[in-house]
Amino acid sequence: MKPRTTGSLTIDAFDARAVDIDTVGLEQLYTLSIGVGWPHRPEDWQFLRDMGHGIVVHDEIGRVLGSAMWFPHGTEFATVGMVITSPRLQTRGTAQWLMKRVLSACRGRDLRLNATRAARKLYLSLGFRTERTVFQRQGEARRSGEMPRPYERAELRRLDERDLPAVAELDAQAFGAWRLTLLAALLPQSVGFGLYRNGRLAAFALCRPFGRGHVVGPLVASNDEDAIIVIAPHIAAHEGEFLRVDTHIAEGEFSSFLARSGLAFFDTVTTMSLGGDFRDPNTRYGMQPVTFALASQALG
Ligand SMILES: CC(C)(COP(=O)(O)OP(=O)(O)OC[C@H]1O[C@@H](n2cnc3c(N)ncnc32)[C@H](O)[C@@H]1OP(=O)(O)O)[C@@H](O)C(=O)NCCC(=O)NCCS
């Protein structure tokens, strides 16, 4: 397919062109993200392309030098992610140029993203405001004693496609936007556990292959106890293997449980938003469902 050129920019001594992300090879995207130390596999890029839109910058001989993506959820909201500039081109305005194009494609939508330290200044200059810290936790999973059991009249079970409406409803209450398309795509490639209480889904956790191993997310629950009940079987299933969780929550029983399960603090990013209200994920002691683990940094 002939790449569709959507603009051009003169960077240093050569011309770079922006094209639709679907027109370049997965291997090129993989090379770009590996170049900045990100763990995404070609399959992870493919999934992101299936779920959203994006642009890449390439040079005259087709080398991909930068990327930016956005993932619409419903008609009024999107997450932004996979903003990368290849190291030899950094600090020359490429990411800012890409982001301006993303903002124009997303006009009218509230936006949320998870910013690395290197990117925070860029997003602040574009009007994003800082919301919360995301803690990337990962390591070799280990069982930490007894498997927590649900209380009476609660049932923990494997999720299948029949649970999708309940999963999407609970996720929307926690996340603040309806993500049915994303969840419908995540469910078949994930193992999911749901905690049902009096016939209603009270908490769930999905876990899928990603990067260096597996990632747990999204995980939605209304309190730490329920969050632990739905994540514990994933930790047991991946004992001795690489497991990752991206969470806003750094204290309390859930956080201690992750520490006992081998998932150490690895890095942090900052959730930022442009427009709209952000649901505070720290208000987790009431009845309100909360996102305990993100689907991914790009997808929120
Ligand atoms: C973050 C990243 C995308 C920035 O790309 P870039 O092309 O260098 O960014 P730009 O040249 O457009 O710079 C945008 C702003 O950020 C600033 N900036 C760029 N790199 C920076 C760094 N390492 N530390 C602090 N500020 C930085 C620039 O000075 C510029 O600020 P200004 O507008 O006030 O002049 C790039 O460094 C990168 O790919 N890093 C690794 C992957 C990553 O962290 N991606 C962000 C995901 S949220």
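FYI, the numbering just counts along the sequence from 1. We use all heavy atoms of the structure for the numbers below, so side chains are in, but hydrogens, waters and symmetry mates are not.
Side-chain contact, R63 with S86: no donor N or O sits under 3.5 Å from an acceptor N or O. Side-chain polar atoms of W45 and S33 form a donor-acceptor pair below 3.5 angstrom. Counting only N and O atoms by type, the side chains of H248 and T133 include no donor and acceptor under 3.5 Å apart. A side-chain donor from one of S273 and E131 sits under 3.5 Å from a side-chain acceptor of the other. A donor-acceptor pair shorter than 3.5 Å can be found between the side chains of R120 and T270.
Between H40 and F210, the angle of the ring planes goes over 60°, which puts this pair in the perpendicular group of the 30/60° scheme.
Geometrically, R112 engages F175 in a cation-pi contact defined by less than 6.0 Å to the ring centre and at most 45° from the axis. Taking the ring axis of F77 as reference, the NZ or CZ atom of R109 does not stay both within 45° of it and closer than 6.0 Å to the ring centre.
Side chain of Q28 to main chain of G62: a donor-acceptor pair is present (N/O by atom type, distance under 3.5 Å, no hydrogens or angles).
Pairs of residues two or more places apart, or lying in two chains, that qualify as ring pair (Phe, Tyr, Trp, His ring centres under 6.0 Å) and include a residue from residues 213-232 are H214-H238.
A 4.5 Å side-chain heavy-atom check between I55 and S67 finds every atom pair outside the cut-off.
Heavy-atom minimum distance, A295 versus L186: CB-CD1, 4.2 Å. Contact detail for V24 and R49: the closest heavy-atom pair is O-NH1, 2.9 Å. Closest approach of R208 and S190 over heavy atoms only: CB-OG, 3.6 Å. A pairwise comparison of heavy atoms in M82 and A298 identifies SD-CB, 4.1 Å as the closest pair.
For E76, the salt bridge (charged side-chain N to carboxylate O under 4.0 Å, His left out) test picks out no residue, with sequence neighbours left out. Evaluation of the ring pair (Phe, Tyr, Trp, His ring centres under 6.0 Å) rule for F204 yields no partner, not counting sequence neighbours. For E43, the salt bridge (charged side-chain N to carboxylate O under 4.0 Å, His left out) test picks out R41, with sequence neighbours left out. Remark: A205 engages V216, L219, V230, H234 in a side chain to side chain contact (heavy atoms under 4.5 Å, CB included) (not counting sequence neighbours).
Comment: R244 engages D246 in a salt bridge, judged by a side-chain N to carboxylate O separation of less than 4.0 angstrom. A salt bridge links R117 to D267: one of the charged nitrogens lies within less than 4.0 Å of a carboxylate oxygen. Salt bridge annotation for R157-D163: present, with a cationic side-chain nitrogen under 4.0 angstrom from a carboxylate oxygen.
Here L294 sits in one hydrophobic cluster together with V134, V269; the rule is ILVMFWY side chains under 4.5 Å apart, joined directly or through other members.
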